[in-house]
Each structure stands twice: as C-alpha cells, then as structure tokens.
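Some notes on the structure that comes next.
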Amino acid sequence: MKKIKLIKIAHGRSGDKGNAANIGIIAYDEKGYTIIKKYLTAQKVKKHFKGICLGKVERFELPNIRALNFLLHDTLGGGGTVSLKHDAQGKTLAAALLRMELEIKD
Amino acid sequence: MKKKIRIASGQGFWGDLIDAPYHQVTKGDIDYLVMDYLAEVTMSILQKQKNKNPNLGYAKDIPELLRKILPIANSKGIKIITNGGGVNPQACAEACLKVARELNIKSLKIGIIIGDNIKDNLDEIIASGYDLKNMDTGESIKKIKDKLLSANVYFGAFPIVEALQGGADIVITGRTTDTGLTLAPMIHEFGWFENQYDLLAAGTVAGHVLECGAQASGGNFLGDWKSIRNMSEIGFPIAEVLPNGEIIITKHSGTGGRVSFDTVAEQLVYEIGNPKEYITPDCVADFTSIKLQDLGKDRVKVYDIKGREATNFYKVSCSYSDGYSAVGTLTYSWPEALTKAKYGDKILRQRLKNLNLRFDEIRTEFVGYNACHETLSPQLSEDKINEIMLRVAVRSHDYDSVERFGKEIAPLILTGPPSVTGFAGGRPKPNEVVAYWPALIPKKLVTPKVEILEI
C-alpha cells in the first residue's frame with residue numbers, strides 16, 4: 001500500500017446545484033484516471049466531507065475526459081441566496097476534496 | 001451556407017469584465033457575440049425593479065455596452081444574442097434602439113423573445129392541474145404562492161432561431177438557457193433540424209463551455225494556474241463551429257489566458273449533475289460522449305457528442321421572499337487571534353439570547369481559518385495566526401431580530417476582546433432572502449413569442 005495525494009494527480013472545479021454541490025475531478029493522465037476511478041469512491045467522498053455534506057453523495061464517470069463528477073446533496077446550507085455560508089456556492093469544495101490522500105495498492 | 005461560424009462569449013455573468021464584449025468584437029473575426037446575464041436570483045431583482053418602474057427590469061449594462069460596440073458590430077456584420085432582457089426584453093430593446101438612433105445607425109432589427117414570464121398566469125396553470133411541484137422537495141407551489149416574486153420558463157434556442165430568421169441583428173431574450181444562446185446561431189446558419197439530436201447536443205456542449213466566459217480559457221483554473229499567462233488581459237472563449245457539429249474552442253490570438261484540454265475539461269464538469277443527461281429545452285446531451293483533442297496554440301477540438309430527444313417539459317425558475325438575513329464581520333489580530341474571535345462570537349450570541357431575538361439560523365465562521373473548508377481545515381497553532389476575521393451571519397423571518405443583530409456587532413469593539421478592527425461601512429442591514437423554487441411545466445402550456453423591432 002502507498003499513499004497518494006489527490007492534488008498530485010488531479011485538478012477540478014466545483015459549484016452549486018441548488019442545495020447540492022457538484023465537484024468535478026479530472027485526472028492529469030490516464031494512469032491518474034485509473035487510480036481515481038478505482039479509489040475515489042462516493043463513500044470516501046462522503047466520509048471526507050463528514051459534517052459538511054449532510055445528504056448522499058452520487059458519483060458519475062466521464063472516462064473520455066478522465067473525470068469523475070460528484071453530487072453532494074444537502075451541502076450548501078440551503079443553497080443560493082438562502083445559505084449563510086461564506087462559500088454559499090461551494091466554489092472552494094473542489095480544492096477541499098483535493099486535500100484527500102488515497103491509499104492505493106502498489 | 002457558411003462553411004464555419006465563430007461564436008464568441010462576451011459575458012459569463014452580470015458583473016463580469018465590462019470590456020470583454022468590446023475585445024471580442026475588435027481583436028479578431030467573429031460572427032456572433034453571445035452574452036449571459038441571468039443567474040437564478042437575477043430575475044427576482046429585475047422583477048422588483050420593473051414593479052417600481054415599468055420601463056426597467058432588464059440588464060441596464062446592455063444599452064451602454066451597445067453604445068461602444070454597435071458601430072463596430074454593425075459594420076462587421078456581427079450579430080449579438082443576449083438573455084439580458086430579463087423580465088422586460090421590450091424595454092431593453094427600446095433602450096437599445098434609442099442608442100442606435102443616437103449613433104445614427106440607419107438600419108437595425110432587434111428581435112425579442114417574450115412569453116417566459118408566467119407569474120400572472122399561475123392561477124390558470126394551477127387550475128388546469130399543474131401545481132409546479134418543487135423539483136427538490138416535491139411540495140406544491142401553493143405553499144409559497146403568496147410570497148412569489150418571479151416565475152419564468154427557460155426557453156431554448158428555437159425562439160432565437162426564429163428571430164434570426166426574421167433578420168434580427170440583435171436578439172434580446174427573457175429567461176433563456178445559457179446554452180440556447182450559443183446553439184441558436186448554429187441551427188440558423190446550418191439549417192439543423194429539431195430531430196438532429198447529436199448536432200443539437202454538440203451546440204449545447206459548446207454553449208456550456210462558453211456560458212461562464214473566461215472560466216473556459218484559463219480563469220478560475222485549479223490546475224497549474226500560476227502558469228496561465230497574462231491573466232490581466234484574459235481572452236474570452238470562442239467556439240468555431242462546422243456544419244457537421246465539430247467544435248473548436250479557442251480565443252483571439254494575442255490575448256491572455258489559455259485554452260487547453262485541462263481548462264476546457266474543468267468547464268465541462270462545472271455545475272453538472274448526471275453527465276449522461278444534461279437536459280435542455282432543445283435536447284438531452286450526453287456529456288460522457290464528449291471527446292477532447294488539444295490541437296495546441298489555444299485550440300481544443302470538441303467532438304463525437306451524442307444527444308437524445310428533448311423532454312416534454314420546460315424548467316421553470318420561481319423565486320419567493322423567504323425572510324431576512326444579515327452578515328457582520330470584525331477582525332482580530334495576533335496574539336491569540338482565533339481565541340479572541342471565538343470569545344467575541346460567544347459574547348455576541350449570549351447578548352442575542354438575552355434579547356430574546358428569534359433566528360432560524362446563526363452561523364459563525366472564522367475567515368482565515370475555516371470559512372472555506374470548514375471541518376477539513378487543519379488545526380493551526382495560535383502563534384502562527386496573524387489575524388482572523390470573525391464572520392457571523394443570521395437568518396430570520398422576523399425583520400426586527402435581524403435589524404437588532406446589526407446593531408450588536410460594533411459594540412463588540414469596546415465591550416469585548418482586544419486588538420479588534422475592521423468595522424467599516426456601518427451597521428449590517430437586513431437583506432431580503434430570495435429563495436428559489438425549481439419546477440417543471442409541460443411545454444404545451446407555454447408559447448414563446450418572437451417580435452421584431454426596427455429602425
């Protein structure tokens with residue numbers, strides 16, 4: 001087993017969809033995509049955002065562009081103009097996900 | 001038929017770089033300039049303006065912008081498409097015609113798209129058995145009908161196509177999808193049909209890439225962002241489109257920013273849900289089918305896109321008044337900045353409690369420590385923290401409680417922890433909370449109307 005920092009192999013962008021946040025994560029190359037496809041699961045993302053994402057996490061694959069899209073439900077404090085959060089639109093959540101370390105098999 | 005058209009993004013949101021459209025029409029050749037002005041909350045703001053003055057309710061930047069770019073666009077034959085008509089495309093078009101006359105432009109046709117505003121027909125719609133259930137919660141719109149501020153249907157590309165076919169040089173719409181603004185010129189120029197789903201999906205994807213302006217050309221790029229060159233003169237994206245639906249995303253040469261596989265990919269995944277079904281009034285695009293090829297020199301080919309038939313529904317965006325909110329901030333410095341901010345928050349909350357104020361939510365954040373990444377923020381030792389901004393936000397349906405909260409921030413300076421500053425701009429005032437109500441409506445219940453105004 002070895003640990004890989006997600007920020008070393010991927011980048012991404014996040015935003016709002018109502019009270020859900022969307023986080024798109026894109027691997028820099030095919031090898032990176034193989035890793036995130038296998039190890040960056042919806043459960044791991046849900047656990048990472050414990051206390052922040054209060055709903056379920058959905059995961060979608062976009063293999064042609066080496067990307068995964070995550071929908072984090074009930075995450076933005078009501079969303080849009082209702083939310084009292086400084087980051088009411090979840091703009092910094094892609095960076096927050098890149099804090100993650102993945103444990104992968106050699 | 002043209003062999004190729006170039007569609008340029010001029011604005012990613014209302015408040016974007018004011019001169020971006022000017023640079024798009026002057027720094028190279030384009031055929032169309034498209035500008036998105038409408039966020040979900042914008043419609044309610046515009047509706048309020050129109051309620052006060054029936055000649056308002058649109059993006060007032062547009063007539064002023066035309067003063068600068070219309071002579072150039074007119075001489076080069078560049079057509080302009082925007083959804084900045086808001087809740088009053090008619091008034092927007094008239095203001096634009098006035099500018100055109102002042103510029104001594106002899107001939108101009110402005111197409112407007114109306115019919116998206118269903119606020120006044122809501123009773124009829126509900127009576128016919130459609131109660132515009134909230135797409136997220138399933139509740140009937142009857143729950144918030146009395147507090148409704150605006151209700152608009154999202155139209156797609158086809159009404160704009162009709163205006164272009166009527167000879168419009170400028171098309172000003174109300175609530176239209178961002179993607180429809182970009183797709184419309186393709187349908188118009190290349191004669192695509194309503195059942196050519198792959199082509200419609202290709203144009204929709206191009207629209208998604210352009211709709212947030214420079215976010216596709218190096219802005220807000222989370223990859224190796226420091227290597228993006230000349231961001232101060234960032235070029236906004238341009239879609240070069242062939243009749244077969246092949247798209248190349250690029251920007252004017254000599255401008256800053258970057259168009260690469262990575263910058264386009266980041267925009268493709270922005271604010272999407274299930275990528276297999278990106279639903280618009282024009283088609284359902286499959287984002288998993290999209291292929292990208294980086295051709296170098298700020299050119300990225302977007303191809304092989306698949307689409308399906310559109311659904312029988314339009315999306316409706318409603319907004320309603322849902323109480324009041326206010327935000328107060330104070331800044332504490334070293335030493336023990338975080339501890340001081342936490343004390344300040346505790347004192348403030350106790351005072352609010354003693355006053356028996358009513359809040360639906362009180363939220364505290366420590367900017368410089370955890371405001372962005374919340375519980376994911378690593379602990380910092382106090383000695384390493386130079387300063388912390390205490391940010392407290394409240395929300396309530398009781399106006400007086402929110403107003404009183406605004407009066408309790410400044411007193412903390414003389415009655416709380418030391419080395420505190422940053423209270424500028426007076427007491428925070430209560431803002432009306434405008435909440436958003438997404439719903440669906442059968443297409444058969446709403447008809448877009450196209451009108452042409454001309455000199």
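Side chains included, hydrogens not; waters and symmetry mates left out as well; all remaining heavy atoms used. A, B, ... follow the sequence lines: proteins, then strands. Residue 1 opens every chain.
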Return yes if some donor-acceptor pair links the side-chain N/O of [X] with the main-chain N/O of [Y] below 3.5 Å, else return no.
{"X": "H373(B)", "Y": "L97(A)", "result": "no"}
{"X": "N370(B)", "Y": "T375(B)", "result": "no"}
{"X": "N22(A)", "Y": "L71(A)", "result": "no"}

[X] versus chain B, the contacting section by heavy-atom distance below 4.5 Å:
{"X": "E61(A)", "value": "backbone"}
{"X": "A94(A)", "value": "both"}
{"X": "R59(A)", "value": "neither"}
{"X": "K50(A)", "value": "backbone"}
{"X": "A95(A)", "value": "both"}
{"X": "H48(A)", "value": "both"}
{"X": "Y28(A)", "value": "side chain"}
{"X": "I65(A)", "value": "both"}
{"X": "L68(A)", "value": "neither"}
{"X": "D16(A)", "value": "both"}

Give a yes or no on whether [X] atom [atom1] has more than 12 heavy-atom contacts from other residues, nucleotides or ligands under 6.0 Å away.
{"X": "R349(B)", "atom1": "CZ", "value": "yes"}
{"X": "K44(A)", "atom1": "NZ", "value": "yes"}
{"X": "K147(B)", "atom1": "NZ", "value": "yes"}
{"X": "K46(A)", "atom1": "NZ", "value": "yes"}

Residue selection (most heavy-atom pairs with chain B, distance under 4.5 Å) from [options]:
{"options": "L62(A), D87(A), N64(A), L84(A)", "answer": "L84(A)"}
{"options": "R13(A), H86(A), H11(A)", "answer": "R13(A)"}
{"options": "E58(A), K85(A), R66(A), H73(A)", "answer": "K85(A)"}

Most chain A-contacting option - heavy-atom pairs closer than 4.5 Å, from [options]:
{"options": "L376(B), T288(B), V433(B), D304(B)", "answer": "L376(B)"}
{"options": "A371(B), P275(B), A39(B)", "answer": "P275(B)"}
{"options": "D262(B), D136(B), V392(B)", "answer": "D262(B)"}
{"options": "D322(B), L292(B), I290(B)", "answer": "I290(B)"}
{"options": "V367(B), V327(B), N220(B)", "answer": "N220(B)"}
{"options": "R395(B), E365(B), E266(B), R363(B)", "answer": "E266(B)"}

Is there a side-chain contact between [X] and [Y] in this structure, where contact means two heavy atoms from C-beta onward sitting under 4.5 Å apart?
{"X": "Y39(A)", "Y": "K105(A)", "result": "yes"}
{"X": "T329(B)", "Y": "R391(B)", "result": "yes"}
{"X": "T75(A)", "Y": "L54(A)", "result": "no"}
{"X": "L268(B)", "Y": "V205(B)", "result": "yes"}
{"X": "F49(A)", "Y": "I23(A)", "result": "yes"}

- Task: Looking only at non-hydrogen atoms, find the nearest pair between S14(A) and K91(A) and report the distance.
- Result: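 Smallest heavy-atom distance, with atoms named: OG-O, 3.1 Å.
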What part of [X] gets within 4.5 angstrom of chain A, counting heavy atoms only: side chain, backbone, both, or neither?
{"X": "Y436(B)", "answer": "neither"}
{"X": "S319(B)", "answer": "neither"}
{"X": "F221(B)", "answer": "both"}
{"X": "V394(B)", "answer": "backbone"}

- Task: Would you please classify the geometry between the F287(B) ring and the Y278(B) ring as parallel, tilted or perpendicular, with 30° and 60° separating the classes?
- Result: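 Parallel: the ring planes of Y278(B) and F287(B) meet at under 30°.
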